[in-house]
Every structure is written in C-alpha cells, then in structure tokens.
Amino acid sequence: QVQLVESGGGLVQAGGSLRLSCTASGRTRDISSMSWFRQAPGKEREFVAAESWIIGSTYYADAVMGRFTISRDNTKTTAYLQMNSLKPEDTAVYYCAASRALVLDSRPDTFNYWGQGTQVTVSS
C-alpha cells in the first residue's frame, strides 16, 4: 500500500502562486507515476498534471499549461505542483494520485492511490 498526504493549499489572490506538496509513504517503489487532479464544487474531478517517475516525462492539461509545473524530489517520495499566475477558476480541492501503471494516463480510474485533498482558493 501507498499513503499520500497533500499540503500547501490555501487562499491566494489572482495572479499569485502556491506550491502543493504530496508526500508518499509505504511501498513507494510501486509508484510509476504521480499526478495531480482537482475538483471544483459541482464539477467532476479533472486532470491537472502528471509525471512519470520512470523516465521523468510530464503531461499537463491545456488549462494549466505554462502556469503549473509538476516535479519531484530526488528521493522519489515527494511530488510538487508549482502553481503560478493563479486564476479564480483554479479554485478547487487538489488531489495527488499515484499509479503503478508504466504509461502516463489522465483518467482518474487508472490511479491506484489517492491523497485526501487540499483546498486551493483564488480570490479575484
């Protein structure tokens, strides 16, 4: 089993920045990729960004391309989501998710482990 804990959410003004962290514990060697998803009130959970922990490739949703950056630390136990130029429409609960699959995927049902979520609120 893998446990994921997010942190770093909060309230920020439009145009500001936040960095989310996701710390993994347990069988971290099972992790092939890490991703971030978000869910706004009344909306479905949507893909934000993903990184392969095997080859380091990354993948972003169009809505965050050029503003958000996914990365990890060298110990491969913590993933980050650097969010710049935040907009009110970025307001959501942000979740990190880990997958054992070798291929990057943006579909939530392909991920094996989920964190509890952290709230990000962007005021206008």
Side-chain angles (χ1 to χ4, degrees):
Q1 287 293 325
V2 173
Q3 294 77 43
L4 303 175
V5 178
E6 301 101 334
S7 61
L11 173 65
V12 64
Q13 289 188 332
S17 299
L18 281 175
R19 189 176 80 156
L20 306 182
S21 300
C22 175
T23 300
S25 60
R27 293 177 60 89
T28 57
R29 65 180 180 272
D30 288 350
I31 298 174
S32 294
S33 67
M34 289 284 282
S35 291
W36 290 91
F37 290 80
R38 65 187 182 186
Q39 188 165 18
K43 295 188 177 181
E44 293 186 354
R45 190 166 298 189
E46 66 173 356
F47 169 78
V48 174
E51 180 177 16
S52 167
W53 281 17
I54 305 300
I55 61 174
S57 57
T58 57
Y59 175 38
Y60 296 92
D62 289 344
V64 306
M65 183 80 71
R67 300 187 298 122
F68 291 10
T69 302
I70 188 171
S71 63
R72 60 179 173 175
D73 70 353
N74 289 333
T75 66
K76 295 186 179 181
T77 59
T78 301
Y80 302 99
L81 185 68
Q82 177 66 43
M83 305 186 294
N84 298 329
S85 302
L86 283 161
K87 305 174 182 179
E89 50 264 44
D90 295 318
T91 295
V93 177
Y94 283 71
Y95 299 88
C96 65
S99 173
R100 298 191 300 263
L102 296 179
V103 178
L104 281 182
D105 203 310
S106 61
R107 295 171 296 171
D109 60 0
T110 64
F111 287 81
N112 307 102
Y113 309 103
W114 290 84
Q116 81 288 351
T118 185
Q119 177 70 46
V120 171
T121 303
V122 184
S123 62
S124 57

key: Residue pairs passing the disulfide bond (SG atoms under 2.5 Å apart) test where at least one lies in residues 68-124, sequence neighbours excluded   = Cys22-Cys96
Pair listing, disulfide bond (SG atoms under 2.5 Å apart) test, anchored in residues 43-75, at least two apart = none
Atom pair [atom1] ([X]) and [atom2] ([Y]), whose distance is rounded to the nearest 0.5 Å:
X	Y	atom1	atom2	result
Gln82	Ser21	CD	OG	9.5 Å
Ser33	Ile54	OG	CD1	8.5 Å
Ser52	Leu104	OG	CG	5.5 Å

Residues in salt bridge (charged side-chain N to carboxylate O under 4.0 Å, His left out) contact with [X], at least two apart in sequence or another chain:
X	answer
Glu89	none
Arg27	Asp30
Arg107	Asp105

Residues that, via side-chain heavy atoms closer than 4.5 angstrom, fall in one hydrophobic cluster with [X]:
X	result
Leu11	none
Met34	Val2, Leu4, Ile31, Trp53, Tyr113
Val5	none

query = Hey, are the side chains of Glu46 and Glu44 touching, using non-hydrogen atoms and a 4.5 Å cut-off?
reply = no
Return a table of donor-acceptor pairs under 3.5 angstrom between the side chains of residues 58-71 and protein atoms on other chains or two or more places apart.
| unit_1 | atom_1 | unit_2 | atom_2 | d |
| --- | --- | --- | --- | --- |
| Tyr60 | OH | Ile70 | N | 2.9 |
| Arg67 | NH1 | Ser85 | O | 3.0 |
| Arg67 | NH1 | Asp90 | OD2 | 2.8 |
| Arg67 | NH2 | Ala63 | O | 2.9 |
| Arg67 | NH2 | Asp90 | OD1 | 3.0 |
| Arg67 | NH2 | Asp90 | OD2 | 3.4 |

note = Closest non-hydrogen contact found for Ser17 with Asn84 is OG-OD1, 2.9 Å
Single-linkage hydrophobic cluster, 4.5 Å side-chain cutoff, Val93 and Leu81 together = no
key: Phe111: ring-ring contact (aromatic ring centres under 6.0 Å, His included) partners, not counting sequence neighbours   = Phe37
Donor-acceptor pairs under 3.5 angstrom involving side-chain atoms of residues 114-124: please list them, not counting sequence neighbours.
| unit_1 | atom_1 | unit_2 | atom_2 | d |
| --- | --- | --- | --- | --- |
| Gln116 | NE2 | Glu6 | O | 3.3 |
| Gln116 | NE2 | Glu6 | OE1 | 3.4 |
| Thr118 | OG1 | Gly9 | N | 3.3 |
| Gln119 | NE2 | Ala92 | O | 3.4 |
| Gln119 | NE2 | Thr121 | OG1 | 3.3 |

inquiry  = Applying ring-ring contact (aromatic ring centres under 6.0 Å, His included) as the test, list every pair that has at least one member in residues 71-101; sequence neighbours left out.
reply    = none
